[in-house]
A.B. asks: 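Mind looking over this structure? Questions follow.
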Amino acid sequence: MLIYLGRRLNLLLITLLILCIASYILAFLFPGDPLTNLSGTPSPSDDQAQQLRLMYALDEGALAGFWQYLKLTLVGEWGLSLSSQNPIFDDICQFLPASIELSLYAMFVSLLVGIPLGIIAGLNHRRISDMGILSVSLVGFSLPVFWLALLLILIFALQWGGLPMSGRVSLLYDIPHQTGFILLDIIMSNVANKQQVLLDALNHLILPTLSLSIVTSSLVIRLTRRSVINVMASDYIKAAFAKGLSRPQVFWRHGMKNALLPIMPQLAMQFTVLLTNAMIVEVIFSWPGIGEWLIQAIYQRDFPAIRGGMLAVSALVVIVTISVDLLIRMIYPLSKKQIHAQV
Amino acid sequence: MPKSSFYNEELYPSPMRHTWNEFQRNHIALAGLWCLGFFVLLVLLGPWLLPFGPLDQNTEAILLPPAWDANGDVSHLFGTDGIGRDLLTRVVHGCQITFGASLFLVLLAMLIGCSIGAYAGMSRGLRASIINHLLDAIMAIPTLLIAIIIVAILGTGLMNSMWAITLALIPQFIHHTRDMVRREYKKEYVTAARLDGASELRIFFHSILPNMIEMLVVQATMALSVAILDISALGFLSLGAQSPSPELGAMLSDALETAYVAPWSISLPGAAIFLMVLSINLVGDGLRTALKNRLSQ
């Protein structure tokens with residue numbers, strides 16, 4: 001296990017290092033002055049340029065330059081955004097939690113819906129209920145997330161008018177930024193009539209979460225169904241039936257755990273898919289998250305921000321994947337045998 | 001007189017035939033195949049059948065509802081958009097761009113991915129290990145995210161977004177080809193071929209490739225649906241195809257301003273994407289089940 005832990009941590013560090021190298025190289029590949037791309041100072045005066053060259057160690061060769069860049073990245077000096085002149089690291093710290101929050105809720109909803117439906121479909125393999133659930137999940141899986149979001153807006157926000165279509169909370173309320181997670185922020189703040197504000201924030205959450213979780217829950221259904229079918233066809237289930245256990249007993253005692261544990265990594269992997277979809281959905285719902293911010297940066301050719309945003313998002317995805325993988329290894333004994341890298 | 005049978009003839013279908021027979025038993029998948037065939041025909045023939053061009057503006061019929069609406073006109077079957085362009089024409093041209101570009105880039109990604117994957121599968125030692133570990137890290141990142149990052153570097157545009165998605169799809173193909181090659185490489189028929197003195201290249205092309213071509217087709221259909229979704233998502237975010245182009249995603253983002261008065265200009269192009277992806281997924285699912293049934297017999 002320790003060896004495995006070491007290997008995974010090694011992989012994590014190497015991947016993060018590669019990401020850092022890539023982002024450093026990007027500063028030179030992007031059009032324009034590398035110094036501007038690194039620091040975000042639009043057109044530095046001679047003095048400033050000299051200072052910045054010293055700060056980024058640009059004259060001391062590529063390796064020393066990268067080392068300096070790495071140190072600056074680790075302490076949170078990610079340069080300034082070209083368009084707003086805010087420190088990029090602060091911006092990311094402000095916007096990233098909003099995306100994570102949205103993805104977490106969507107993940108929660110899709111697991112809550114997807115796993116039971118997948119189990120029902122798997123237990124009734126090749127019956128009407130299985131076919132029904134499978135076709136619904138196939139439809140959900142084929143829906144383009146941006147179209148789904150637009151349809152939901154058309155139906156629920158424009159035609160029916162019951163749900164808000166943009167933002168995180170009504171503009172009437174001023175919620176101070178603390179953690180970046182809107183619900184936590186509301187609970188921690190001392191706004192008047194907190195209940196109402198919470199209800200408003202939840203109302204704002206419904207449509208984005210729904211459009212994200214429809215796609216993901218259909219993926220979850222498919223994964224769960226396949227796994228349940230495989231497990232129910234295995235020999236130890238037959239043995240359990242032969243012992244005279246009833247169907248629910250067999251499933252709860254022998255089937256459930258064995259069906260769900262192996263697909264945990266794949267289920268957790270859906271989080272990264274969700275995060276990407278969340279980036280699109282944020283643009284549609286004007287949700288102030290990292291996706292909206294990054295895509296604005298791409299429009300404005302704001303290279304320091306693109307570099308920082310790319311580094312933050314991909315680092316988050318890699319960290320989530322590897323730590324989930326580690327967690328699963330710890331609680332699922334069978335997978336401990338395969339210590340070599342796998343996906 | 002009963003037919004005499006001298007020979008106890010049994011029909012042994014070829015593997016491809018067998019898969020096709022299995023596939024035909026799944027009616028929903030067959031329907032998907034018909035739907036996909038319809039889209040292919042539409043992409044090939046559609047633009048010649050239509051009286052309008054994708055950028056032609058009819059200023060007398062702005063925001064005309066579809067023909068089935070009470071205010072619709074049959075000369076514009078799907079209605080028109082905010083500056084009087086015929087929606088049916090644009091959807092057909094959009095299918096051509098979105099579907100054609102996706103097909104092209106999936107083929108390209110498959111070609112590159114399979115060559116690297118075959119190389120990685122047949123090589124041993126440090127090289128293979130490095131490829132494996134790098135791949136595992138890259139595979140974890142969703143393709144759309146990689147594509148967005150690459151577009152951020154290359155700049156926006158349909159060509160750039162196609163390159164970006166191609167690059168983002170390659171790791172999946174490498175991964176699957178590598179696994180498959182490695183699995184097949186241990187089997188006895190490959191050992192037999194090796195004992196006969198066949199070179200690595202010959203083993204790959206004559207022994208391993210015929211056995212994995214069907215899995216590759218399944219993989220390609222999955223990649224195709226991902227590619228269509230991604231290319232239209234990039235178009236929608238104005239990172240891919242740019243505004244006047246009738247790419248389906250770009251059309252959707254064009255129609256945002258008139259969404260309230262002309263909901264059909266959002267629902268119809270989106271439905272085209274949805275149907276395309278659905279039919280591809282149906283075919284891919286059906287093929288995969290057919291293959292599994294064949295191999296388990």
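Values reported hereafter were calculated over all heavy atoms of this structure, with side chains retained and with hydrogens, waters and symmetry mates removed.
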A.B. asks: Answer yes or no: are there more than 12 heavy-atom neighbours, outside B:Trp34 itself, under 6.0 Å from its atom CH2?
C.D. replies: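 No, CH2 of B:Trp34 has 12 or fewer neighbouring heavy atoms, counting only those of other groups under 6.0 Å.
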A.B. asks: Count the heavy atoms belonging to other residues, nucleotides or ligands that lie under 6.0 Å from CD of B:Gln242, then report whether that count exceeds 12.
C.D. replies: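 It does: B:Gln242 CD has more than 12 such atoms within range.
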A.B. asks: If contact means a heavy atom pair closer than 4.5 Å, which residues of residues 130-151 of chain A contact chain B?
C.D. replies: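 Residues in range: A:Leu138, A:Val139, A:Phe141, A:Ser142, A:Leu143, A:Pro144, A:Phe146, A:Trp147, A:Leu150, A:Leu151.
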A.B. asks: Could you tell me which portion of A:Ile298 (side chain, backbone, both or neither) has an atom closer than 4.5 angstrom to a non-hydrogen atom of chain B?
C.D. replies: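 Answer is side chain: those atoms of A:Ile298 sit under 4.5 Å from chain B.
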A.B. asks: Output all residues satisfying ring pair (Phe, Tyr, Trp, His ring centres under 6.0 Å) with A:Trp78, sequence neighbours left out; order by chain, then residue number.
C.D. replies: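 With sequence neighbours excluded, A:Trp78 shows a ring pair (Phe, Tyr, Trp, His ring centres under 6.0 Å) to A:Phe89, given in chain and number order.
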A.B. asks: Quick one: of B:Asp285, B:Thr156, B:Ile273, who has the most non-hydrogen atom pairs under 4.5 Å with chain A?
C.D. replies: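 Of the candidates given, the most pairs with chain A belong to B:Asp285.
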A.B. asks: Report, one line per pair, each donor and acceptor closer than 3.5 Å where one atom sits in a side chain of residues 220-240 of chain B; sequence neighbours left out.
C.D. replies:
| unit_1 | atom_1 | unit_2 | atom_2 | d |
| --- | --- | --- | --- | --- |
| B:Thr221 | OG1 | B:Val218 | O | 2.6 |
| B:Ser225 | OG | B:Met222 | O | 3.0 |
| B:Ser225 | OG | B:Asn281 | OD1 | 3.2 |
| B:Asp230 | OD2 | B:Thr143 | OG1 | 2.9 |
| B:Ser232 | OG | B:Ile228 | O | 2.8 |
| B:Ser232 | OG | B:Leu229 | O | 3.2 |

A.B. asks: Just wondering, more than 12 heavy atoms not from B:Tyr185 lying within 6.0 Å of its OH?
C.D. replies: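 It does: B:Tyr185 OH has more than 12 such atoms within range.
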A.B. asks: Does any heavy atom of chain A fall under 4.5 Å from the side chain of B:Asp179, the backbone, both, or neither of them?
C.D. replies: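 For B:Asp179, no heavy atom lies under 4.5 Å from chain A.
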A.B. asks: Give a yes or no on this: more than 12 heavy atoms of other residues, nucleotides or ligands lie within 6.0 Å of atom CD1 of B:Ile28.
C.D. replies: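 For B:Ile28, atom CD1 is not crowded (no more than 12 foreign heavy atoms under 6.0 Å).
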A.B. asks: Relative to chain B, which segment of A:Ile284 carries a heavy atom at a distance below 4.5 Å: side chain, backbone, both, or neither?
C.D. replies: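 When you check distances to chain B, only side chain atoms of A:Ile284 fall under 4.5 Å.
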A.B. asks: At under 4.5 Å between heavy atoms, what parts of residues 17-28 of chain A are in contact with chain B? List them by residue number.
C.D. replies: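 Counting heavy atoms that sit under 4.5 Å from chain B, the residues of residues 17-28 of chain A involved are A:Ile18, A:Leu26.
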